[in-house]
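To find a chain, count down the sequence lines: A is the first, B the second, and so on, and within it residues start at 1.
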Amino acid sequence: METVRIFLENHIVGKKTLLIKIENSKLRFQISNEISKRFCNHMITKISRSGKYLIFFYSNKFSLLFHLGMTGYFRISNYYERKKHDHLMFYFENQVLIFNDIRKFGFVKIYEEEKIKFSSHLIGMGPEPLSDRFSAEYFFKNLYRKTNIKNLLMNQSFVSGLGNIYCSEILFDSKIHPIRRVSSLSKEEVGGIVKSVKKTLRLAIKAGGTTIKNFIVSDEKVGYFKNKLMVYGRERMKCKRCKMDNVIAKIKQSGRSTFFCSGCQL
DNA sequence: AGGCATGTTACAGG
DNA sequence: ACCTGTAACATGCC
């Protein structure tokens with residue numbers, strides 16, 4: 001999401017929205033008809049991100065909160081070319097921004113600028129993983145929780161923005177087995193996981209994010225982190241670290257796939 | 001053909 | 001208060 005934010009910041013901040021067209025209003029939440037009246041002829045002043053949410057700030061002191069769900073993406077071009085599952089178009093002077101979402105788990109909502117931080121979606125979020133607030137000390141204070149390390153990392157109220165792919169990658173990097181109860185983690189292990197979280201995200205952002213299948217940012221060269229994945233999607237393959245054959249395992253945790261090396265993650 | 005898997009999260013219920 | 005399962009939906013792969 002950070003790479004999506006950077007992409008949008010580079011392309012549409014400072015531009016005036018001339019026309020908004022709703023192609024299909026059915027998303028996780030219905031797209032409000034108010035959107036066109038409210039934002040046409042106003043300028044986008046800033047695009048920020050909170051966890052996996054994006055916020056467009058407009059010059060009229062209103063803002064748009066987006067979530068891309070599993071299959072949502074933005075694309076930009078010089079003219080509109082219709083594609084299946086397009087939901088919303090923002091026309092600018094020489095460009096159009098399109099929000100497309102196959103599975104309709106994403107959404108967009110309108111907020112007054114002052115009120116958005118109190119939105120039910122943002123209010124309970126944990127610290128940003130790359131901020132100083134997400135530290136070994138913070139982590140250690142949460143080891144009383146009664147869950148495994150994979151699910152803790154996935155919990156957006158513990159730390160915001162980590163998705164299913166990154167959680168497998170992070171635990172591989174820290175050599176921690178995903179089913180470990182968090183109460184069993186030592187101070188050293190917690191420190192290592194925090195380091196792996198920051199390292200993995202920094203690398204991913206540098207590589208342009210993790211585009212798999214439909215998670216397209218644009219036609220630009222982005223999404224190359226998928227080429228750097230160490231465990232995700234590598235079931236029964238050789239471990240890239242310990243080199244043992246056929247050791248990458250795939251399990252389910254709370255309904256989500258987890259990949260790990262049964263040789264070097266303890 | 002049909003069952004299962006897929007990047008997320010809101011909500012219900014234990 | 002915290003944790004887990006389920007549902008929302010469309011598509012692709014065995």
Side-chain angles (χ1 to χ4, degrees), chain A residues 1-5 7 23-31 49-55 65-75 83-88 99-109 119-126 129 139 141-171 178-183 200-201 204-205 207-218 222-236 248-259:
Chain A
M1 284 309 304
E2 179 60 12
T3 61
V4 176
R5 188 196 68 76
F7 165 74
E23 182 76 21
N24 177 358
S25 65
K26 289 169 83 76
L27 282 171
R28 175 183 284 273
F29 309 113
Q30 182 88 15
I31 302 178
R49 179 193 56 74
S50 193
K52 297 172 197 167
Y53 296 89
L54 282 182
I55 306 166
L65 179 68
F66 284 93
H67 195 285
L68 301 189
M70 306 243 308
T71 53
Y73 72 91
F74 287 108
R75 71 178 193 277
K83 292 200 198 233
K84 209 171 179 182
H85 308 299
D86 284 346
H87 286 86
L88 189 59
F99 179 36
N100 179 294
D101 187 359
I102 299 179
R103 291 176 71 184
K104 305 187 177 80
F105 293 167
F107 67 81
V108 54
K109 284 184 177 180
S119 142
S120 62
H121 301 97
L122 303 183
I123 198 80
M125 292 223 312
F139 207 124
K141 276 190 284 186
N142 280 275
L143 297 190
Y144 68 90
R145 289 168 182 256
K146 199 176 156 313
T147 187
N148 59 63
I149 182 59
K150 159 74 170 354
N151 281 356
L152 181 64
L153 292 176
M154 290 288 286
N155 187 334
Q156 303 293 302
S157 66
F158 169 66
V159 55
S160 59
L162 301 183
N164 198 41
I165 295 177
Y166 289 127
C167 290
S168 282
E169 294 297 311
I170 288 160
L171 291 175
I179 68 172
R180 286 275 300 278
R181 298 278 106 189
V182 296
S183 53
T200 303
L201 289 184
I205 292 167
T210 309
T211 299
I212 292 186
K213 290 182 186 171
N214 300 305
F215 215 94
I216 305 160
V217 177
S218 72
V222 292
Y224 287 141
F225 191 69
K226 68 171 177 240
N227 302 321
K228 301 188 196 252
L229 295 179
M230 299 295 285
V231 274
Y232 190 87
R234 294 178 49 79
E235 189 182 11
R236 292 191 301 276
I248 304 301
K250 178 186 181 182
I251 57 172
K252 286 275 179 195
Q253 293 181 281
S254 292
R256 312 297 305 281
S257 290
T258 307
F259 295 84

How long is the line joining [atom1] of [X] and [atom2] of [N], in whole Å?
{"X": "A:Q30", "N": "C:dA8", "atom1": "CD", "atom2": "P", "value": "16 Å"}
{"X": "A:E235", "N": "B:dA5", "atom1": "CD", "atom2": "C1'", "value": "12 Å"}
{"X": "A:I102", "N": "B:dT6", "atom1": "CD1", "atom2": "C1'", "value": "11 Å"}
{"X": "A:Q253", "N": "C:dT4", "atom1": "CD", "atom2": "P", "value": "10 Å"}
{"X": "A:Y166", "N": "B:dT6", "atom1": "OH", "atom2": "P", "value": "18 Å"}
{"X": "A:K226", "N": "B:dT6", "atom1": "NZ", "atom2": "C1'", "value": "15 Å"}
{"X": "A:L27", "N": "C:dA10", "atom1": "CG", "atom2": "P", "value": "11 Å"}
{"X": "A:K252", "N": "B:dC4", "atom1": "NZ", "atom2": "P", "value": "11 Å"}

Return the set of residues passing side-chain contact (heavy atoms from CB on, under 4.5 Å) with A:R234 (not counting sequence neighbours), or none when no residue passes.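 By the side-chain contact (heavy atoms from CB on, under 4.5 Å) rule, A:R234 matches A:M237, A:K240, A:I248.
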5'-most by nearest nucleotide on DNA chain C - A:N155 or A:K84: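 Comparing both residues, the 5'-ward one is A:N155.
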Closest-nucleotide ordering on DNA chain C, the 5'-leading residue of A:Y144 and A:S254: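 Final value for this comparison: A:Y144.
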Considering every strand and a 4.0 Å limit on heavy-atom distances, what is the contact class for A:F158: base, sugar-phosphate, or nothing?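 Contact class for A:F158: none.
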Need one value for A:N151: base, sugar-phosphate or nothing, where a base atom within 4.0 Å counts as base even if backbone is also close, heavy atoms only.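 The answer is sugar-phosphate, as A:N151 gets under 4.0 Å only of primed atoms, P, OP1 or OP2.
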Taking protein heavy atoms under 4.0 Å as touching, what does nucleotides 8-14 of chain B look like 5' to 3' if B marks base contact, S marks sugar-phosphate-only contact and - marks none? BBS----
Side-chain heavy atoms of A:R145 within contact of A:N155, under 4.5 Å: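 Yes, at least one pair of side-chain atoms sits under 4.5 Å.
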Compute the centroid of each ring, for A:F66 and then for A:F74, and state whether the two points are separated by less than 6.0 Å.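 Ring-ring flag for A:F66/A:F74: true, centres closer than 6.0 Å.
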Ring centre gap for A:F7 and A:Y73 strictly below 6.0 Å: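 Between A:F7 and A:Y73, the centre distance exceeds or equals 6.0 Å.
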Taking side chain to side chain contact (heavy atoms under 4.5 Å, CB included) as the criterion, tell me which of A:N151, A:N142, A:L143 meets it with A:V182.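 Going through A:N151, A:N142, A:L143 one by one, the side chain to side chain contact (heavy atoms under 4.5 Å, CB included) with A:V182 is satisfied by A:L143 alone.
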Restricting to side chain to side chain donor-acceptor pair (under 3.5 Å), what partner residues turn up for A:S168, sequence neighbours left out?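 A:S168 satisfies side chain to side chain donor-acceptor pair (under 3.5 Å) with no residue once adjacent residues are dropped.
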Does A:H85 make a side-chain N or O approach to OP1 or OP2 of C:dC9 shorter than 4.0 Å?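 No, because none of the side-chain N or O atoms of A:H85 sits under 4.0 Å from OP1 or OP2 of C:dC9.
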Give me the distance, rounded to whole Å, that separates C:dT6 from B:dC4 when you measure between the C1' atoms they each carry.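 After rounding to an integer number of Å, I get 16 Å for this pair.
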Expressed in whole Å, how much space separates the P atoms belonging to C:dG5 and B:dA5?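 After rounding to an integer number of Å, I get 14 Å for this pair.
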Excluding sequence neighbours, so at least two apart, what forms ring-ring contact (aromatic ring centres under 6.0 Å, His included) with A:H121?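 Partners of A:H121 by the ring-ring contact (aromatic ring centres under 6.0 Å, His included) criterion, ordered by chain and then number, come out as A:F29, A:Y53, A:F107.
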Pairing residues for A:F259 by the ring-ring contact (aromatic ring centres under 6.0 Å, His included) criterion, not counting sequence neighbours: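 A:Y232.
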DNA chain C: stems of at least 3 consecutive Watson-Crick or G-U pairs, cut-off 3.5 Å?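 B:2-6 with C:10-14, B:8-14 with C:2-8 - these are the stems of 3 or more pairs that involve DNA chain C.
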Do the charged groups of A:R28 and A:D101 touch, with an N to O distance under 4.0 Å?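 Judged by the 4.0 Å cut-off on N to carboxylate O distance, A:R28 and A:D101 do not form a salt bridge.
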I'd like to know if the side chain of A:N100 and the backbone of A:K84 have a donor-acceptor N/O pair within less than 3.5 Å.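 Checked: pair present.
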